[in-house]
Participant: 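Below: one structure in structure tokens.
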Amino acid sequence: MLLIKQTDELTPQQLITILKARVAVFVVEQNCPYQEVDDDDFDDLHVALFNDNGDLQAYTRVMNRDTEVNFGRVLVVDQFRKDGLGRKIVQETLDVIAQRFPNKPIKIQAQAYLQELYESFGFEPKSDVYLEDDIPHLDMVLMPKQN
């Protein structure tokens, strides 16, 4: 099941499930102590895939800015990796952005090891690799398609 909701539309159970998965991946698994839940979370658009049992499988958050759209916190829950859900959640996120925020460039801070994945969706690198919380990242942009 695909879930697309603003923060204030999520049930408490959905919100806790999402935040628990984000902390598990980005803080615990990546051994990266940082403020994972931040002020953007008050008004994000959440895109999540759940299986028929109600288990969270994959997730992203989308932030609509004045001149661009950002998405991040891209994750696939450990037990569902290797099933192609990384590509699926990115495609679902791009589809949601195209529908809700057309004609805006999409800017991401990609973990460097995922550069080829994002390039396969049309993203182009816009920075050299840099460390963000001791993890190699690079800025990438996908420009809107011209009609």
Side-chain angles (χ1 to χ4, degrees), residues 1-125 131-145:
M1 171 190 81
L2 179 64
L3 175 137
I4 306 164
K5 290 185 177 182
Q6 291 292 134
T7 301
D8 63 358
E9 298 172 325
L10 293 168
T11 67
Q13 291 80 10
Q14 290 167 334
L15 181 60
I16 295 298
T17 298
I18 287 167
L19 296 178
K20 183 178 171 186
R22 284 177 24 187
V23 169
V25 171
F26 300 116
V27 177
V28 177
E29 183 179 316
Q30 295 183 351
N31 192 26
C32 185
Y34 76 106
Q35 186 61 51
E36 203 291 321
V37 178
D38 58 26
D39 288 341
D40 286 324
D41 283 309
F42 285 108
D43 192 32
D44 286 341
L45 183 65
H46 303 270
V47 181
L49 295 172
F50 288 85
N51 66 14
D52 292 338
N53 295 326
D55 301 315
L56 177 65
Q57 296 179 295
Y59 168 85
T60 63
R61 75 171 182 176
V62 177
M63 295 153 291
N64 183 24
R65 308 290 192 205
D66 290 335
T67 59
E68 65 191 24
V69 176
N70 308 127
F71 74 87
R73 302 298 202 266
V74 180
L75 69 84
V76 175
V77 174
D78 187 38
Q79 69 197 63
F80 301 109
R81 293 182 187 156
K82 307 295 182 203
D83 293 336
L85 294 176
R87 288 196 68 79
K88 183 171 181 166
I89 194 65
V90 170
Q91 186 61 63
E92 294 287 2
T93 301
L94 294 175
D95 292 346
V96 167
I97 291 170
Q99 179 184 23
R100 294 186 182 213
F101 313 110
N103 304 315
K104 278 191 170 183
I106 303 168
K107 182 179 178 185
I108 61 173
Q109 291 179 292
Q111 290 191 12
Y113 82 97
L114 294 171
Q115 180 176 348
E116 287 183 15
L117 169 73
Y118 290 114
E119 285 176 335
S120 74
F121 287 99
F123 282 88
E124 295 181 7
L131 290 180
E132 176 84 18
D133 297 314
D134 290 327
I135 298 172
H137 282 74
L138 73 157
D139 296 337
M140 300 187 81
V141 174
L142 177 64
M143 297 304 291
K145 293 183 177 149

Participant: Should Ile4 and Val62 count as side-chain neighbours, where that means a heavy-atom distance under 4.5 Å?
Facilitator: no
Participant: Taking all non-hydrogen atoms of both residues into account, name the closest pair between Arg81 and Val76 and its distance.
Facilitator: NE-O, 2.8 Å
Participant: Report the C-alpha separation of Phe26 and Ile135 in whole Å, then their side-chain angles, then the decisive distance to 0.1 Å, and conclude whether the side chain to side chain contact (heavy atoms under 4.5 Å, CB included) test is met.
Facilitator: CA-CA 10 Å; Phe26 300 116; Ile135 298 172; over 6 Å; no
Participant: With rounding to the nearest 0.5 angstrom, report the CD to CG distance, Gln57 to Leu75.
Facilitator: 11.5 Å
Participant: Strictly distance-based, threshold 3.5 Å: is any side-chain N or O of Gln6 a donor or acceptor partner for the main-chain N or O of Asp44?
Facilitator: yes
Participant: Let's go through Phe80 and Leu49 carefully: what are the C-alpha distance in whole Å and the side-chain angles of both, what is the deciding distance for side chain to side chain contact (heavy atoms under 4.5 Å, CB included) to 0.1 Å, and is it a yes or a no?
Facilitator: CA-CA 11 Å; Phe80 301 109; Leu49 295 172; over 6 Å; no
Participant: Tell me which one of Glu124, Glu119, Lys107 satisfies side-chain contact (heavy atoms from CB on, under 4.5 Å) with Met140.
Facilitator: Glu119
Participant: What heavy-atom pair brings Met143 and Val141 nearest, and what distance separates the two atoms?
Facilitator: SD-CG1, 3.5 Å
Participant: How close do Asp38 and Gln35 get, counting heavy atoms only, and between which atoms?
Facilitator: CB-O, 4.3 Å
Participant: With a 4.5 Å limit on heavy-atom distance, are the side chains of Tyr118 and Val90 in contact?
Facilitator: yes
Participant: When rounded to the nearest 0.5 angstrom, what distance separates CZ in Phe101 from CD1 in Ile106?
Facilitator: 10.0 Å
Participant: Looking at side-chain heavy atoms only, is the closest gap between Phe71 and Val47 below 4.5 Å?
Facilitator: no
Participant: Would you give the length of the straight line joining atom CD of Glu36 to atom CZ of Arg22, rounded to the nearest 0.5 angstrom?
Facilitator: 4.0 Å
Participant: Measuring only between side-chain heavy atoms, which start at C-beta, is Val77 closer than 4.5 Å to Asp55?
Facilitator: no
Participant: Could you tell me whether the side chain of Ile89 reaches within less than 4.5 Å of the side chain of Tyr59, counting heavy atoms only?
Facilitator: no
Participant: To the closest 0.5 Å, what do you measure between CD (Glu68) and CE (Met63)?
Facilitator: 9.5 Å
Participant: Got a second to check how far Leu45's CG is from Arg100's CZ, nearest 0.5 Å?
Facilitator: 5.0 Å
Participant: Over all heavy atoms of both residues, which pair between Val69 and Lys104 is shortest? Give the atoms and the distance, please.
Facilitator: CG2-CD, 3.8 Å
Participant: Step by step, would you call Asp95 with Gln91 a side chain to side chain donor-acceptor pair (under 3.5 Å)?
Facilitator: CA-CA 6 Å; Asp95 292 346; Gln91 186 61 63; 2.8 Å; yes
Participant: Would you mind reporting whether Val74 and Ile108 have side-chain heavy atoms less than 4.5 Å apart?
Facilitator: no
Participant: Give me the atom names and distance for the closest heavy-atom approach of Leu138 to Pro125.
Facilitator: CD1-CB, 3.7 Å
Participant: Quick check: are there more than 12 heavy atoms from other residues, nucleotides or ligands sitting under 6.0 Å from CG of Asp39?
Facilitator: no
Participant: Got more than 12 heavy atoms from elsewhere within 6.0 Å of CG, Asn53?
Facilitator: yes
Participant: Identify the heavy atoms of Ala58 and Leu56 that sit nearest to each other, and give their distance.
Facilitator: O-CD1, 3.5 Å
Participant: Does Arg65 use its side chain to pair, donor to acceptor, with the backbone of Asn70 at less than 3.5 Å?
Facilitator: no
Participant: Given 3.5 Å as the limit, does a donor-acceptor pair link the side chain of Lys5 with the main chain of Thr11, or not?
Facilitator: no
Participant: Looking at Arg73 and Asp40, is there a salt bridge between them, counting it only when a charged N and a carboxylate O are closer than 4.0 Å?
Facilitator: no
Participant: For Phe121, is the NZ or CZ atom of Arg87 found under 6.0 angstrom from the centre of its six-membered ring and inside 45 degrees of the ring axis?
Facilitator: yes
Participant: Can you check whether Leu131 reaches Pro136 side chain to side chain, under 4.5 Å on heavy atoms?
Facilitator: yes
Participant: Inspect the surroundings of CG in Asp134 and state if more than 12 heavy atoms from other residues, nucleotides or ligands are less than 6.0 Å away.
Facilitator: no
Participant: Quick check against the 3.5 Å criterion: does Asp83 have a side-chain atom that pairs as donor or acceptor with the backbone of Leu85?
Facilitator: no
Participant: With rounding to the nearest 0.5 Å, note down the distance linking OG1 in Thr60 to CD1 in Ile97.
Facilitator: 7.0 Å
